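Written out below as C-alpha cells is the structure these notes cover.
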Amino acid sequence: MTATGLSTQPARGMRDFLPEDVRRREYVVGVIRRVYERYGFEPLETPAVENIETLLGKYGEEGNKLIFKILKRGEHEASGTADLALRYDLTVPLARVVAEHQAKLPKFFKRYQIQPVWRADRPARGRFREFYQCDIDAIGSTSTVVEVEVLSGVSEVLHELGFQDFVIRLNDRRLLTAMLEVAGVEAPRHGDALIALDKLDKIGADGVAAEFAARQIEPAAIGKLLPLFGGGAGATGANGAILRALATFIGAHETGQAAVGSLESMLALAGPTPASGHLRIDPSLARGLSYYTGAIMEIQVADLAGSLGGGGRYDNLIGMFLGRDVPACGFSLGLERILVVMGERGMFPADLAGAGCDVLVTIWNAGAMDDALGLAGEFRQAGLRVEVYPEADKIGKQLKYASGRQVPFVAVVGDDERAGGTVSLKDLRSGTQHTVRRAEAAAFIGVHVNR
RNA sequence: GUGGGCGUAGUUCAGUGGUAGAACGCCUGACUGUGGCUCAGGAGGUCGCGGGUUCGAUACCCGUCGCCCACCCCA
C-alpha cells in the first residue's frame, strides 16, 4: 500500500521479476533451450489467448475450473459470457497447431516451447497463477523411443543445472485402468480410487480403506491393490520386480499387458541415457490431466511437495482437433519449481548476482561529463558493460554507489589523469588501484573481469 | 474450496489499553581525489483496511483484504 491508497503488489499469484530474478530465469531457460535443441527439438510459440472451445474439455473437470476466461468485450461484455481464455498449458495449443499446420510439419514433428501459462489456482510455494512451462513434445510416433528421448532430454537438463537426486516416477494410464478393472473397481470410481491410493504413504492402509468407504468404492478392491502400491520409497532397483508383480496381477488384461511391455521397453532403452538410474516404476502415479492415454511421468525431488515437471503420452488429443488420431508424447518442466529449489539450495552460478556491469565511470566534476561519456564509449567499444555515474557527486559517494551495486571496477579521470593521459582503475573487490594509459584501460579491465 | 498462523519504519522483527522501538539499510558530516571499518548527527510509520467495545485501541472483538503453512490439486 502506498500514500495513494493503491496497492502496488502485482495481481494475486503474479510476480514482478527484478534484474537478478530475470538473470536467474534466463540462465535456467538458456540451459533448457540448449539441451532441447541438442535433442533436435525446434522452437514454437503460440498466442497467450486461445478460443475458449480449444481449451474446454481437455483438462478434466478440475482443469476446466482453473482456466482464466476472458469476457466478451464491448457491448457484449454485459452478457457475462466468455469466448476467449488464457492458455492453460502448452500441450493443447500444440495439438491445435499440429492439426492446423499439419501439411507443413515433418512426419515426426519435435518442438520445444518455453512460454507462460495461466491458471486460476490458489497460489502456494512454487505455485503461481502465471508461470512458465518448458515443454518438449514429439509428434507422429508410437515408439517408446519417443518416451525415452523425452526422459533423456529432461534428465540432461536437470544434470546440467546441477541436480543429482531427482526421481522420475513412471506409470501408464492403461496399466492403471487394468489394475482397477481387475480389482473390481467400477469405471466411474477409478479417479477417486487413484486419489485415495496415491495418499497411501501419508494416511496408511486404514486411511485408504476409509477413503474407499467414503467414496463408495468396492472395499474388497483394497486388499487386492495395496500389495501392488506398497513398493516403498526410492527403490529404483526394484523396477523389474514391481513390473512383474503388476503383470501377474492383471493377468490376461490385454491393454494392461501392452502397458507393462512398453514400460519394460522404456527401462531397457533408457539404460545408456542420462535418465538411467532416475526412473522408478510407481503404480500410484496418476496425474490429473485427462488427455494422457499411455505412459505418464513426473519428476520429484525430496524438498518440494509438488513436481519439477511431468508429462506423458497423449495419442488422441490431436484427434480431438483433426478428427484423426496422431500419436504424441511430451514433457513439461516447470521453470518456477526449478528456480525455487535452485534458489533454496544455492545452485546458481555466483556471477549471476550483482550488477550486470563491469565498470562504473565516474564524473570528476560538472565540466567533465563529456569526457566520462567518451571514456564509457571507448569501454563499450571494447565489449565491456559500462555504467556512467550520472551526477557530479563527491567521488566518495560515487565509489560507495559502485560498491553497493557490486560493480567490480571504477574508472576515475581526475586532473592528474587528464594531464597524463591516464585512467585510474580501482578494483573494488580487492581494493587495489592502478593508473594505466587510457588506451590500455579497457583491456586492463577486460582481463580482470574475465570478458 | 477447507483448516490454522501472521499483517508495526525501505527490510527483518520487538512491543504496550494512555497515539511506538531495535537492528540492518538510507541521508549528512568527521574524510578539501576514493567504497568497505569506526564515530557523531538525521530523515522515515494514519501500527493492512473498515466497523465495534472503551474516557482512550497499534493492542481486545467482528468483518474484510493480503501473505504464509497444511489439505486438495498441479508445473
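Only this structure's heavy atoms are used, side chains among them; waters, hydrogens and symmetry mates stay out. Within every chain, numbering begins at 1; the chains are lettered A, B, ... in the order of the sequence lines, protein sequences first and strands thereafter. Note that the structure is a prediction, hence the values are computed from the model and not measured.
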(Q) Using the C1' atom as the point on both nucleotides, what is the distance between B/U12 and B/G36, in whole Å? (A) 22 Å
(Q) Which is more 5' along RNA chain B, the nucleotide nearest A/Gly13 or the one nearest A/Lys426? Just name the residue. (A) A/Lys426
Q | Pairwise C1' distance, B/G5 and B/A75 [rounded to whole Å] | A | 27 Å
Q: Identify whether any heavy atom of A/Tyr401 sits under 4.0 Å from a base atom; if not, whether one sits that close to sugar-phosphate; answer base, sugar-phosphate or nothing.
A: nothing
Q: Round to the nearest Å and state the distance from A/Gln398 atom CD to B/C27 atom P.
A: 13 Å
Q: With heavy atoms under 4.0 Å as the rule, sort A/Gly126 into base, sugar-phosphate or nothing.
A: base
(Q) My understanding is that only residues two or more places apart in sequence, or in another chain, count here; which of them pass side chain to side chain donor-acceptor pair (under 3.5 Å) with A/Asp393? (A) A/Tyr389
Q) How close or far is atom P of B/A75 from atom CD of A/Glu298, stated in whole angstroms? A) 7 Å
Q.
In this structure, how many angstroms lie between the P atom of B/C37 and the CG atom of A/Leu428, rounded?
A. 14 Å
**Q.** Whole-Å distance separating the CG atom of A/Leu66 from the P atom of B/G1
**A.** 12 Å
Q: Would you please name every residue forming a side chain to side chain contact (heavy atoms under 4.5 Å, CB included) with A/Met347, sequence neighbours left out?
A: A/Phe163, A/Met342, A/Arg345
Q: Name the orientation class of the two ring planes belonging to A/Tyr112 and A/Tyr36 (parallel below 30°, tilted from 30 to 60°, perpendicular beyond 60°).
A: tilted
Q | side-chain N/O A/Lys397 vs B/U28 OP1/OP2, d < 4.0 Å | A | yes
(Q) Stacking between B/A75 and A/Phe131, yes or no? Criterion: centroid separation under 5.5 angstrom, plane angle under 30 degrees. (A) yes
Q.
Using a heavy-atom cut-off of 4.0 Å across all strands, would you classify A/Gly63 as base, sugar-phosphate, or nothing?
A. nothing
(Q) Taking any heavy-atom pair under 4.0 Å as a contact, classify A/Asp89: base, sugar-phosphate, or nothing. (A) nothing
Q. Whole-Å distance between B/U34 C1' and A/Asn365 CG?
A. 16 Å
Enumerate all atom pairs, one protein N or O and one N or O from nucleotides 39-42 of chain B, separated by less than 3.5 Å.
none

(Q) A/Gln115: which residues meet the side chain to side chain contact (heavy atoms under 4.5 Å, CB included) condition with it, sequence neighbours left out? (A) A/Glu45, A/Thr46, A/Arg87, A/Leu90, A/Gln113
Q. Salt-bridged, A/Arg33 to A/Glu37, with N to O below 4.0 Å?
A. no
Q | Separation of atom CG in A/Asp427 from atom P in B/G35, rounded to whole Å | A | 15 Å
Q: Would you kindly give the CD1-to-C1' distance between A/Ile296 and B/A75, to the nearest whole Å?
A: 16 Å
(Q) As a test of reading the structure: which of B/G35, B/G33, B/U32 is closest to the side chain of A/Lys394, going by heavy atoms? (A) B/U32
**Q.** Partners passing side chain to side chain contact (heavy atoms under 4.5 Å, CB included) against A/Arg34 (at least two apart in sequence or in another chain)
**A.** A/Val31, A/Arg38, A/Glu160
Q: Using side chain to side chain contact (heavy atoms under 4.5 Å, CB included) as the criterion, list what pairs up with A/Thr81, not counting sequence neighbours.
A: A/Lys72, A/Ser79
Q: Could you work out the separation of B/U11 and B/G63 based on their C1' atoms and round it to a whole Å?
A: 30 Å
Q | Stepwise side chain to side chain contact (heavy atoms under 4.5 Å, CB included) test for A/Ser155 and A/Ile168 | A | CA-CA 9 Å; A/Ser155 297; A/Ile168 306 183; 3.5 Å; yes
Q. Nearest of B/A75, B/C27, B/U34 to any side-chain atom of A/Lys400?
A. B/C27
Q. Residues in ring pair (Phe, Tyr, Trp, His ring centres under 6.0 Å) with A/Tyr88, at least two apart?
A. A/Tyr59
Q | Set of side chain to side chain donor-acceptor pair (under 3.5 Å) partners for A/Glu336, sequence neighbours left out | A | A/Arg15, A/Arg25
Q: Scan side-chain atoms only and decide if A/Tyr401 and A/Glu391 contain a donor-acceptor pair under the 3.5 Å cut-off.
A: no
Q.
If the threshold is 4.0 Å, N to carboxylate O, is there a salt bridge linking A/Arg189 and A/Glu186?
A. no
Q.
Only Watson-Crick and G-U wobble pairs with both distances less than 3.5 Å should count. Give RNA chain B in dot-bracket notation, marking inter-strand partners with |.
A. (((((((..((((....[..)))).(((((.......))))).....(((((..]....))))))))))))....
Q) For A/Phe321, which residues count as a ring pair (Phe, Tyr, Trp, His ring centres under 6.0 Å) partner, sequence neighbours excluded? A) none
Q: Pick the P atom in B/G7 and in B/A14, then give their distance to the nearest Å.
A: 8 Å
Q. So what does A/Leu308 touch, heavy atoms closer than 4.0 Å: a base, only the sugar-phosphate, or nothing?
A. sugar-phosphate
Q | Residues that A/His434 engages under ring pair (Phe, Tyr, Trp, His ring centres under 6.0 Å), provided they are two or more places apart | A | A/Phe444
Q: Please state the C1' separation for the pair B/C27 and B/G18 - nearest whole angstrom.
A: 34 Å
Q. What integer distance in Å separates A/Tyr389:OH from B/G35:P?
A. 13 Å
Q) Using the C1' atom in both, what is the distance from B/C62 to B/C68, to the nearest Å? A) 23 Å
Q) At under 4.0 Å between heavy atoms, what does A/Glu417 touch on the DNA or RNA strands: base, sugar-phosphate, or nothing? A) base
Q.
Give me the distance, rounded to whole Å, that separates B/A20 from B/U8 when you measure between the C1' atoms they each carry.
A. 8 Å
Q: Sticking with atom C1', work out how far B/U58 lies from B/C24, rounded to a whole angstrom.
A: 23 Å
Atom pairs under 3.5 Å: protein N/O with N/O of nucleotides 2-5 of chain B:
unit_1: B/U2; atom_1: O4; unit_2: A/Arg122; atom_2: NH1; d: 2.8

(Q) By the 4.0 Å heavy-atom rule, please label A/Val412 as base, sugar-phosphate, or nothing. (A) base
Q. Is any N or O donor-acceptor pair between the side chain of A/Gln433 and the base of B/U34 shorter than 3.5 Å?
A. yes
